[in-house]
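I have placed the structure first, in the form of structure tokens, so that the comments after it can refer back to it.
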Amino acid sequence: MAVGIFDSGLGGLTVLEAAQKRLPDVDFIYLADSEHAPYGVRTADDIYELTCAAVQRLFDAGCDLVILACNTASAAALRRMQEGWIPEGKRVLGVFVPLIEALTERDWGDNSPPREVDVQHVALFATPATVASRAFQRELAFRAIGVDVEAQACGGVVDAIEGGDFILAEAMVRSHVDALTRKMPKPQAAILGCTHYPLMLDAFQEALGADVKVFSQANLVGESLADYLTRHGDKIGSGEPAYLTTGDPKQVSNRATQFLRRQITFTAA
Ligand code: DGL
């Protein structure tokens with residue numbers, strides 16, 4: 001049985017890479033909804049409809065577990081999906097919780113009451129839709145008290161990455177960090193709350209300075225997924241991933257190959 005990994009575009013490949021390293025024998029099917037990316041500037045209703053359609057495509061391909069490797073979909077659609085859309089016997093998980101557990105020094109699935117934690121000033125960088133949902137602050141409030149979060153909606157960064165323009169993406173990261181530090185001059189930690197942003201990790205770290213701890217999702221989600229799969233039956237296969245896109249497979253394959261510096265071949269979803 002394969003595990004589905006979904007993102008609006010190529011950002012979720014950062015999560016897939018980490019999951020593959022951690023779980024080399026699991027069959028993953030990656031789906032990029034490239035035709036409709038970016039999601040981060042869409043309405044919550046739109047994101048919900050698109051995410052359900054994409055997840056259904058992964059169910060149809062034989063996945064009974066799908067990871068939304070997209071914070072925008074996790075923030076704007078997951079709760080609504082869990083409240084009534086997900087069919088019996090299927091699971092859909094988001095990428096927020098592992099990140100917040102790491103930030104609040106919790107073990108996986110520790111649901112004890114919120115408590116004080118080491119970090120008090122946290123910068124959140126995410127898409128406009130993720131920031132507008134306030135889902136990060138909601139999940140954090142279940143686990144920690146007294147944490148001040150300043151969120152920066154990073155419009156344009158995903159478009160620049162999907163368009164392969166890394167110079168523009170870096171310039172945008174610098175300007176978003178600058179805008180954030182005008183509101184919160186000394187963040188102790190920064191959350192990269194979009195799975196595209198690990199591709200810009202160095203630019204974020206450089207602009208924030210070496211003393212800011214930057215939390216990026218890929219490895220954290222890989223660990224949580226490994227933990228989940230060990231406890232929920234067996235997903236062992238040949239370890240051969242499949243890559244699907246709703247966009248132009250040739251163009252998406254070229255970009256993905258450029259990002260990950262190894263040949264990645266997408267086919268039409
Ligand atoms: N990687 C998605 C996320 O984590 C990208 C969002 C977008 O398509 O704007 O939010």
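Atoms within a ligand are numbered from 1 in the order they appear, just like the ligands themselves.
Atoms of ligand 1 found under 4.0 Å from any heavy atom of Ser8, numbered from 1 in the order shown, are 5 (C), 6 (C), 7 (C), 8 (O). Taking every non-hydrogen atom of Gly40 and a distance limit under 4.0 Å, the qualifying atoms of ligand 1 come out as 7 (C), 8 (O), 9 (O). Of all atoms in ligand 1, listed by their number and element, those nearer than 4.0 Å to a heavy atom of Thr127 are 6 (C), 9 (O), 10 (O). Of all atoms in ligand 1, listed by their number and element, those nearer than 4.0 Å to a heavy atom of Thr72 are 3 (C), 6 (C), 10 (O).
If you look at Ala37 next to ligand 1, there are no close heavy atoms at all, none under 4.0 Å. For Asn71, heavy-atom contacts with ligand 1 shorter than 4.0 Å involve the backbone as well as the side chain.
Residues Phe204 and Tyr197 bring their aromatic ring centres within 6.0 Å.
Closest to atom 7 (C) of ligand 1 among all protein heavy atoms lies Tyr39 N, 3.3 Å. In terms of protein heavy atoms, atom 5 (C) of ligand 1 is closest to His196 ND1, 3.4 Å. Protein heavy atom closest to atom 2 (C) of ligand 1, with residue, atom name and distance, is Asp7 OD1, 3.2 Å.
Using a 4.5 Å heavy-atom cutoff, the side chains of Arg262 and Glu17 are in contact. Put simply, the side chain of Thr127 does not reach to within 4.5 Å of the side chain of Asn71, judged on heavy atoms.
Residues Thr257 and Ile264 come closest through the heavy atom pair OG1-N, 3.1 Å.
Enclosure of atom CZ in Arg79 is not indicated, since only 12 or fewer non-hydrogen atoms of other residues, nucleotides or ligands lie within 6.0 angstrom.
Relative orientation of the Phe259 and Phe166 rings is perpendicular, given thresholds of 30° and 60° on the angle between their planes. Using a 30° and 60° split on the angle between ring planes, Tyr30 and Phe266 fall in the perpendicular class, above 60°.
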